Amino acid sequence: MLLYESLEKHQQEQCQYQMKICRGCQKNILKKDLDQHEQNCGEIKIECQRCKLVYKQKEKHEQLDCLMNMLNRSNKKIESLEKLVNNLQQSVQKLEATIDVHFLRGLPSSVVHDVPLSSLNPSWNIIYDFPYSHGTTVEELRALRSQCKKHIIVGAIQGNSSMILKIAAMGPSEILSLDSPLNQPTKFGNVHWYLTQNKSFGFAPSSTTINCNLADYNEKDNAENRLSWHLHGKGGYRAGSVISLDGKNEWRKIIMTEKH
Ligand SMILES: [Zn+2]
Ligand SMILES: [Zn+2]
Ligand SMILES: [Zn+2]
């Protein structure tokens, strides 16, 4: 004789004559027959341990299909790995370019002051060195482009024997090919660059506007961070806050690039 409580327990857990639902065909099957039924039920789903395909027991899983599935899975994995490698390569290239510009080769991408030439990577080379009394021309600047690698430094040195850039900025060498409409500079890094025919060539911080009639005459905002050379045949005009350098031999106009 079973007590009521244990009867209930018996029915729930042990009674072999209760009905269970087959996980495949969803039919009611006596518990005692369930294992046997599920072993043969065609609707039972099986996952292949090798190719991870889920298929019904009644379907055949041929070895060739299995191999093809494994191959497809491998190919997809390879594809996504290739994409990953590609993205990583691009990131590395970007990083290298940044390091190239900022640390290894030259200057940060903004206007800088008092840079000893000896602090630059030795691959930097002066290709243009004239006193401010010299009349720089568009043709001169354009001709320099062919000597330049990726970047140029434009700056000014005070004194014939000085080796210190009092003011300088670095940018891509395409600056020498600019054809800027008046007072419409191009931004590279944190610097506004302009090369306006018959007017002037120079730079200013990108946070500021330039005010060229001939050269950049802006005296109010960031005067110390502006460089501007006349391009109308006469020398001048400014190296930072030092202006009206038109006849001055003491100051030198400097353009540098990396050696080939
Ligand atoms: Zn029973
Ligand atoms: Zn079944
Ligand atoms: Zn398989």
Side-chain angles (χ1 to χ4, degrees), residues 1-110 120-124 145 148-152 170-175 177 186-191 193 206 257-260:
M1 189 181 99
L2 291 162
L3 292 173
Y4 178 75
E5 264 180 40
S6 50
L7 175 68
E8 199 174 42
K9 203 177 168 197
H10 167 82
Q11 281 173 340
Q12 279 172 2
E13 294 173 10
Q14 295 162 9
C15 178
Q16 295 299 304
Y17 287 91
Q18 61 176 311
M19 300 308 273
K20 289 278 178 186
I21 291 171
C22 167
R23 285 173 296 167
C25 64
Q26 313 291 321
K27 282 181 189 152
N28 284 312
I29 309 288
L30 283 176
K31 180 169 178 174
K32 72 178 179 68
D33 300 329
L34 189 64
D35 282 352
Q36 175 92 46
H37 171 86
E38 285 193 345
Q39 268 177 38
N40 299 306
C41 175
E43 298 297 318
I44 287 281
K45 284 177 183 163
I46 297 169
E47 185 187 308
C48 173
Q49 291 306 301
R50 284 179 300 180
C51 72
K52 307 298 173 195
L53 179 77
V54 177
Y55 60 98
K56 288 179 179 174
Q57 200 156 226
K58 68 181 175 193
E59 297 163 346
K60 282 210 172 130
H61 185 46
E62 305 279 358
Q63 273 195 337
L64 187 61
D65 292 336
C66 188
L67 279 171
M68 292 305 286
N69 289 342
M70 283 195 280
L71 206 64
N72 284 339
R73 283 168 60 85
S74 302
N75 283 345
K76 270 181 199 160
K77 233 175 214 167
I78 289 170
E79 257 172 50
S80 69
L81 283 173
E82 277 175 346
K83 264 182 206 161
L84 189 71
V85 169
N86 238 317
N87 290 340
L88 283 172
Q89 267 176 342
Q90 282 173 6
S91 305
V92 168
Q93 274 172 5
K94 272 185 202 161
L95 267 176
E96 279 178 347
T98 317
I99 290 168
D100 182 47
V101 170
H102 292 165
F103 302 111
L104 291 182
R105 301 216 169 266
L107 307 173
S109 56
S110 46
L120 297 173
N121 183 303
S123 70
W124 282 93
R145 176 85 199 262
C148 292
K149 288 187 86 179
K150 270 199 292 191
H151 304 108
I152 57 169
M170 185 175 72
S173 52
E174 66 191 86
I175 287 163
S177 304
T186 304
K187 185 175 184 278
F188 294 109
N190 299 315
V191 183
W193 293 87
S206 61
T257 191
E258 301 131 299
K259 277 182 199 144
H260 282 261

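Order of appearance sets the numbers: ligands from 1, and atoms from 1 within every ligand. Predicted, not measured: the structure shown is a model, and the values here were computed from it. Along the sequence shown, the residues carry numbers beginning at 1.
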Testing the basics here: between [X] and [Y], what is the closest heavy-atom pair and its distance to 0.1 Å?
X    : Y    : answer
G171 : W193 : N-CZ2, 4.0 Å
K77  : S80  : O-OG, 3.0 Å
R73  : C51  : CD-O, 3.3 Å

Can you check the number of protein N/O/S atoms within less than 2.8 Å of the Zn ion (ligand 2)? 4
Donor-acceptor contact below 3.5 Å, side chain K187 vs main chain G189: yes
Sub-3.5 Å donor-acceptor pair from the side chain of T257 to the main-chain atoms of H151, do we have one? yes
H61: partners by ring pair (Phe, Tyr, Trp, His ring centres under 6.0 Å), with sequence neighbours left out: Y55
The Zn ion (ligand 3): protein N, O or S atoms [distance under 2.8 Å]: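 Checking every protein N, O and S atom gives C48 SG, C51 SG, H61 NE2, C66 SG.
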R145 and E174: CA distance, side-chain angles, deciding distance, side-chain contact (heavy atoms from CB on, under 4.5 Å) verdict: CA-CA 7 Å; R145 176 85 199 262; E174 66 191 86; 3.9 Å; yes
To the nearest 0.5 Å, what is the distance between OG on S173 and CD1 on I152?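 The CD1 atom of I152 is 6.5 Å from OG of S173, to the nearest 0.5 Å.
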If you look only at distance, which donor and acceptor atoms sit under 3.5 Å apart when one is on a side chain in residues 28-44 and the other is two or more places apart or in another chain?
| unit_1 | atom_1 | unit_2 | atom_2 | d |
| --- | --- | --- | --- | --- |
| K31 | NZ | E13 | O | 2.8 |
| E38 | OE1 | R23 | NE | 3.3 |
| E38 | OE1 | R23 | NH2 | 2.6 |
| E38 | OE2 | R23 | N | 3.0 |
| E38 | OE2 | R23 | NE | 3.3 |
| N40 | ND2 | Q36 | O | 3.1 |
| E43 | OE1 | K56 | NZ | 3.2 |
| E43 | OE2 | K58 | NZ | 2.6 |

